[in-house]
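Beneath this line is the structure, given in structure tokens, with notes to follow.
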Amino acid sequence: MLRHASLILLSIATLANGAGPKRWTQTSEADFRSGTFDNVVATNLGDLKLSRATKTLLEQDPRVSTVYALAQLPDGTIYAGTGPQGVLLRISEDKVDTAATIEGSIGIFSLAVDGEGRLLLGTGGEAGKVLRINKAGEAPIEVFASPLVKYVWAIQVGADGTIYAATGPNGQLIAIAPDGTSRVLFDSIESNLLSLAYDGKQTLFAGSDPNGVVYRIDAASGKAFVLYDANETEISALALDAAGTLYAGTAQPVEGATDSEAIAEQTGRPEETTSGPPIVAAPAGDPAPPDPNPGRPEPEPRQDAPDDAPAAPEKAEGEADKAADADVETDAMSEIVGNTEPAAEGNAIYRIDSSGFVTEIFRRSAMVMSLLEDDGTLLVGTGSEGFVYQIRPTAEESVVIAKLDPKQVMAMLRAKDGRVFLGLANAGGIAAMSPGFANSGTYTSEVFDASQVSQFGAIQMHGNVPANAKVTLATRSGNLQDANSPHGWSDWSAEQPANAFVNAATPPGRFLQYRLTFTSTDGQSTPAVTDVQATYQVPNLPPAIKSITVETAVEEEAATDDTKAEPAPTRMRTVAWEATDANDDAIAYTLAYRTTGTEPWIVLKEDLKEATFQWDTKRVADGRYELRVTATDATANPAGTGRQSSRVSDPVLVDNTAPLFDAANAAMDGQSVKVDLKVTDKTGTIASIEYAVDSSQDWQAVAASDSIYDSPSEAATFSVASLSAGPHQIAVRATDSNGNQGIAHLQVTIPEKQ
């Protein structure tokens with residue numbers, strides 16, 4: 001019988017009424033990724049689950065930086081091939097000791113067990129070799145060596161006892177017969193054949209570097225066919241299932257690789273993954289960056305044998321014709337090797353069915369270092385953060401089932417006892433992963449920021465909890481973003497059983513964290529949390545008005561009399577302000593004005609929705625004014641709980657009155673006229689004085705008597721010369737600093753010349 005429980009979400013969702021409750025929601029792998037995992041993993045479907053239980057058998061051996069290969073003999077003893085000192089390790093009853101050290105080898109890159117239960121070793125260094133240990137405790141004996149081979153990357157043993165060795169740096173597949181003779185079964189145009197799979201009958205599959213090609217090779221003739229030419233540079237791992245489906249993983253170096261980073265988020269889920277009893281509601285130091293290609297020598301170009309070197313493996317008698325056929329096909333392949341499509345981001349696993357149809361089933365910003373197929377389930381070892389994924393292609397599910405931090409999972413072996421042994425790099429090690437789930441684990445969320453001290457409400461959760469498992473929730477709050485601060489956070493609340501709604505039993509604060517604790521009493525089942533949602537409410541805060549500006553917009557209206565004066569200016573002021581609300585409330589504004597230093601305020605406009613207003617200052621008397629903007633969020637909050645704030649502008653001068661002429665006198669002097677005048681402006685300062693004769697449109701500037709126009713009252717004296725005899729009209733125009741103009745007219749008569 002299964003019991004039910006429910007879980008919660010966290011991502012900011014702003015409601016229409018900002019002062020109402022808000023929510024953080026987490027529901028995808030990307031949402032959960034920023035939290036802290038301890039024996040808990042997040043799947044690509046957005047579920048939190050217990051990880052597999054792992055046990056470390058070896059770590060911190062100074063001779064070992066990488067464990068490249070694992071193999072188990074019929075008696076149950078497990079061997080591990082390592083680098084960079086060519087140490088062969090032996091594992092028995094979870095104890096690790098040294099079985100042999102291969103002199104002159106930088107690494108034991110591959111292991112296999114032949115039909116007689118003997119251990120085969122593929123090594124690398126100045127000369128790559130295939131070695132064999134006939135009995136435990138005996139020294140390895142040489143089975144194969146060639147001057148054209150530096151690395152034996154992978155080994156498979158045929159049904160007839162033939163050993164197939166994938167090698168580099170000349171990309172050859174070597175066939176070693178039981179009698180010790182060897183031949184080049186397939187000579188590719190690649191530098192390295194890095195991975196190898198065998199169907200147990202007649203077909204081999206090889207993955208290459210540097211063009212990422214997957215070959216299908218006939219084990220008898222060596223005839224090869226390109227199954228897939230990947231965008232990535234390396235086919236690092238191959239796995240074959242019982243139906244003949246091939247899985248190919250790539251390990252192109254990724255800059256700043258992060259295993260947990262999916263290239264694309266997935267929405268929805270296959271139908272079969274939604275079953276199970278739901279959680280229901282109750283009644284009302286960073287490590288140094290790892291080497292992106294740990295322990296593996298850099299790929300080398302193909303090499304020719306030196307003149308004095310022993311001959312390379314010969315093709316066996318009777319195989320010449322078959323080899324010729326293979327060579328013809330290989331030459332044809334040279335035109336297609338090296339996919340010219342743009343390289344995809346990260347690395348992938350490709351599923352190639354028995355008819356050759358290719359599907360991409362996995363892509364991450366990480367390198368695929370190892371693959372293990374087990375009855376329709378694919379285990380994937382990755383770098384650089386040491387995640388082990390479990391892929392169920394039919395369910396479209398990829399689940400992180402273990403994390404070996406900070407490691408690369410270079411090799412995987414399913415042992416006879418059901419555990420999966422893992423060979424690790426970066427810090428070379430060996431771990432054993434059980435088939436069951438860890439007994440307990442925790443997921444601690446990232447720190448969520450409410451921006452202000454807030455009240456935290458219910459946490460809502462959804463998921464599935466089997467009968468032999470449970471999930472509990474704890475929360476804490478604080479006012480420092482650093483959750484490790486000893487004084488900035490409350491204690492974790494008591495653990496509460498997972499329900500659809502669980503109250504966050506924490507005091508008000510700005511920051512919140514939640515923690516989910518998963519347990520499994522039998523190790524055979526795990527709770528699954530699909531989403532988490534936390535509710536919080538920020539106290540209503542007043543709107544903030546950051547600035548208020550007043551700018552003059554001058555518009556002209558035509559003169560209405562027959563004086564032919566210049567058009568009089570109309571004064572419109574653009575009042576603008578910037579306002580925000582911490583609760584994202586809707587804001588209404590009231591604009592008021594007053595004469596500077598006096599009361600009361602006079603309302604210009606109420607219930608403004610936009611943060612701007614056009615003020616026609618011709619409707620007020622001259623003087624210095626202040627404007628006040630008041631912002632309120634009253635309509636967005638319950639009655640009586642709204643808040644408001646105000647801001648006052650700098651003083652604004654309103655001047656709509658033209659300068660006045662205190663005196664304007666004209667005196668004749670022969671054919672000339674001398675004009676003396678004085679002008680005063682009530683509010684501003686005099687900016688200029690000009691004159692025109694007989695309604696001319698050409699105005700002539702006049703200098704101030706004190707040489708500068710800088711005060712409300714100015715005097716000026718000027719002469720108008722060479723006037724003809726007869727009557728004339730002299731117009732004098734004074735303009736103040738706000739564009740207002742006053743005009744005086746002087747009538748003069750010039751006498752006839754005597």
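Note that the structure is a prediction, hence the values are computed from the model and not measured. Atom set for the values below is all heavy atoms of this structure, side chains included, hydrogens, waters and symmetry mates excluded.
Enclosure of atom NZ in Lys546 is not indicated, since only 12 or fewer non-hydrogen atoms of other residues, nucleotides or ligands lie within 6.0 angstrom. Around the CD atom of Gln455, the shell of radius 6.0 Å holds no more than 12 heavy atoms that belong to other residues, nucleotides or ligands.
For Ser646, the side chain to side chain contact (heavy atoms under 4.5 Å, CB included) partners two or more places apart in sequence, or in a different chain, are Arg628, Thr630. Scanning for side chain to side chain contact (heavy atoms under 4.5 Å, CB included) contacts around Thr641 gives Asn637, Pro638, with sequence neighbours left out. Partners of Glu606 under the side chain to side chain contact (heavy atoms under 4.5 Å, CB included) rule, at least two apart in sequence or in another chain, are Thr590, Val603.
Cation-pi check for Lys605 over Phe613 is not met; the charged atom does not lie both under 6.0 angstrom from the ring centroid and within 45 degrees of its normal. Both tests pass for Arg515 against the ring of Trp492: distance under 6.0 Å to the centre and angle within 45° of the axis.
With ring centers used as reference points, Phe518 lies 6.0 Å or more from Tyr443. Less than 6.0 angstrom separates the ring centroid of Tyr589 from the ring centroid of Trp577.
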- Task: Go through the steps to decide whether Ser34 and Glu446 satisfy the test side chain to side chain donor-acceptor pair (under 3.5 Å), and finish with yes or no.
- Result: CA-CA 6 Å; Ser34 55; Glu446 64 180 302; 3.0 Å; yes
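In this structure, CZ on Arg52 lies 5.0 Å from CD on Gln390, to the nearest 0.5 angstrom. Rounded to the nearest 0.5 angstrom, Asn39 CG and Ser520 OG are separated by 11.5 Å. The distance from the OG1 atom of Thr519 to the CD atom of Glu495 is 10.0 Å, given to the nearest 0.5 Å. Interatomic distance, CZ of Phe357 versus OH of Tyr350, reported as 13.5 Å (0.5 Å rounding).
Nearest approach of Leu541 to Asn583, heavy atoms of both residues: N-OD1, 2.8 Å. Shown here for Asn231 and Gln252, the closest heavy-atom pair between the two residues is O-OE1, 4.0 Å.
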